[in-house]
Amino acid sequence: MDSFLSADIIADGLLWYVVFLFSTTLHEAAHAFTAMKMGDYTAYHGGQVTLNPFPHVQREPIGTVVVPVLSFFLGGWMMGWASAPYDPQWALRYPKRSALMSLAGPAANLVLVLVSAMLIRIGIAAEVFTAPESITFTHLTQPVQEGMWTHVATMLSVFFSLNLLLFAFNLLPIPPLDGSGAIPFFLSESIGQKYMTMLHSSGIAIFGLFLAWKLFGYIYSPIHLFAINLLYPELNYR
């Protein structure tokens, strides 16, 4: 029991949870903000146009608290979900606006990937961080000297890897992921409306999530490795 709830594990869990909660909050707030700007105030009235995590936790307590905590203690990393409400009739009337709303969430995660990459490179230039010999999900950079920078390096690594995962996973064009909602952006208005009608009446969300997760298990490692080699262009990780 002592090893299961050691101080290091609790500290790692808190670090993971801070990164997870901020990342999912920004993702959903981006959806909500974009929808508001495009004319759908459903999420705005629900309190989701905010970086305050509590309205998002109140809406999805299982996905933002229970599942992340359980997945960390059972598997060593966090998974979960949050959501922002929108008006389906608005999405049917304006499929291209709805597509932009769908793209806003993954775009927010991509921004966090880029920011964490920039901070890692700044740390390397300042000789605070250095590239590790081997890369893992939580070990993309390491401190030159142990201490406070060890936790900062781990946090930036998790920010990079987790948001890359959220960005790539949500862009899969499989319902109910954001990638499926973004497809009307590339269709004509009339075909986009027909597509949205089919999407909302398909009832394949559970099957879609299962399929997406199975497929993603094969494609995330190459995506992660590709991103790492962009982060360290002078090296050649394999």
Side-chain angles (χ1 to χ4, degrees), residues 1 3-31 48 50-84 105-117 119-120 132 135-142 150-172 174 176-179 205-206 208-221 223-225 227-228 231:
M1 185 67 177
S3 61
F4 179 70
L5 290 177
S6 68
D8 287 342
I9 291 176
I10 292 174
D12 285 345
L14 288 174
L15 184 152
W16 263 94
Y17 191 67
V18 167
V19 175
F20 167 83
L21 192 59
F22 181 78
S23 301
T24 52
T25 294
L26 184 65
H27 180 106
E28 298 306 331
H31 282 316
Q48 267 72 45
T50 179
L51 292 180
N52 179 354
F54 292 108
H56 302 278
V57 171
Q58 287 176 339
R59 179 172 170 80
E60 293 283 3
I62 301 298
T64 57
V65 180
V66 177
V67 172
V69 171
L70 285 177
S71 62
F72 177 79
F73 284 112
L74 293 176
W77 65 294
M78 284 190 183
M79 61 179 293
W81 64 88
S83 66
N109 295 124
L110 180 59
V111 168
L112 290 180
V113 172
L114 296 175
V115 169
S116 57
L119 292 175
I120 288 171
I135 293 288
T136 66
F137 194 97
T138 60
H139 189 61
L140 302 185
T141 190
Q142 64 186 21
T150 302
H151 302 294
V152 176
T154 301
M155 177 171 282
L156 289 175
S157 298
V158 176
F159 257 115
F160 185 99
S161 297
L162 180 60
N163 280 283
L164 181 66
L165 185 152
L166 291 171
F167 167 72
F169 181 71
N170 279 288
L171 279 184
L172 290 177
I174 302 172
L177 301 178
D178 295 328
I206 299 299
L209 283 174
F210 176 79
L211 176 63
W213 193 251
K214 284 294 185 181
L215 289 174
F216 199 67
Y218 294 100
I219 67 175
Y220 179 68
S221 290
I223 292 172
H224 193 238
L225 181 61
I228 294 306
L231 178 64

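All heavy atoms count here, side chains included; hydrogens, waters and symmetry mates do not. Please read all numbers here as calculations on a predicted model, not as lab measurements.
Note: F159 and F22 have perpendicular aromatic rings, judged against thresholds of 30 and 60 degrees for the angle between ring planes. Using the six-membered ring where Trp is involved, Y220 and F216 have ring planes that are tilted, between 30° and 60° apart.
In this structure, T141 and L231 have side chains that are not in contact, with every pair of non-hydrogen atoms separated by 4.5 Å or more. In this structure the side chain of I228 reaches within 4.5 angstrom of the side chain of F160, judged on heavy atoms.
Between F54 atom CZ and Q58 atom CD the span is 8.5 Å, to the nearest 0.5 Å. Within the model, atoms NE2 of H27 and CG of L166 stand 7.5 Å from one another, a figure rounded to the nearest 0.5 Å.
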(request) Could you walk me through whether L112 and V19 pass side chain to side chain contact (heavy atoms under 4.5 Å, CB included), step by step? (result) CA-CA 10 Å; L112 290 180; V19 175; over 6 Å; no

(message) The test is side chain to side chain contact (heavy atoms under 4.5 Å, CB included); show your working for I62 and V67 and say whether it passes.
(response) CA-CA 6 Å; I62 301 298; V67 172; 3.9 Å; yes

(message) The test is side chain to side chain contact (heavy atoms under 4.5 Å, CB included); show your working for L156 and L140 and say whether it passes.
(response) CA-CA 8 Å; L156 289 175; L140 302 185; over 6 Å; no

(request) Would you sort out whether T138 and W16 count as a side chain to side chain contact (heavy atoms under 4.5 Å, CB included), showing the intermediate values? (result) CA-CA 10 Å; T138 60; W16 263 94; 3.4 Å; yes

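Nearest approach of G63 to F20, heavy atoms of both residues: O-CZ, 3.7 Å. Across all their heavy atoms, A30 and A108 have their closest contact at CB-CB, 3.8 Å. Pairing each heavy atom of H56 with each of T25, the nearest pair is CD2-CG2, 3.6 Å. Q142 and A153 make their closest contact through CA-CB, 4.2 Å (heavy atoms, listed as atom of the first residue, atom of the second, distance).
Side-chain rings of W81 and F169 stay apart, their centers remaining 6.0 Å or farther from each other.
In terms of modelled atom types and a separation under 3.5 Å, the side chain of S116 and the main chain of V113 share a donor-acceptor contact.
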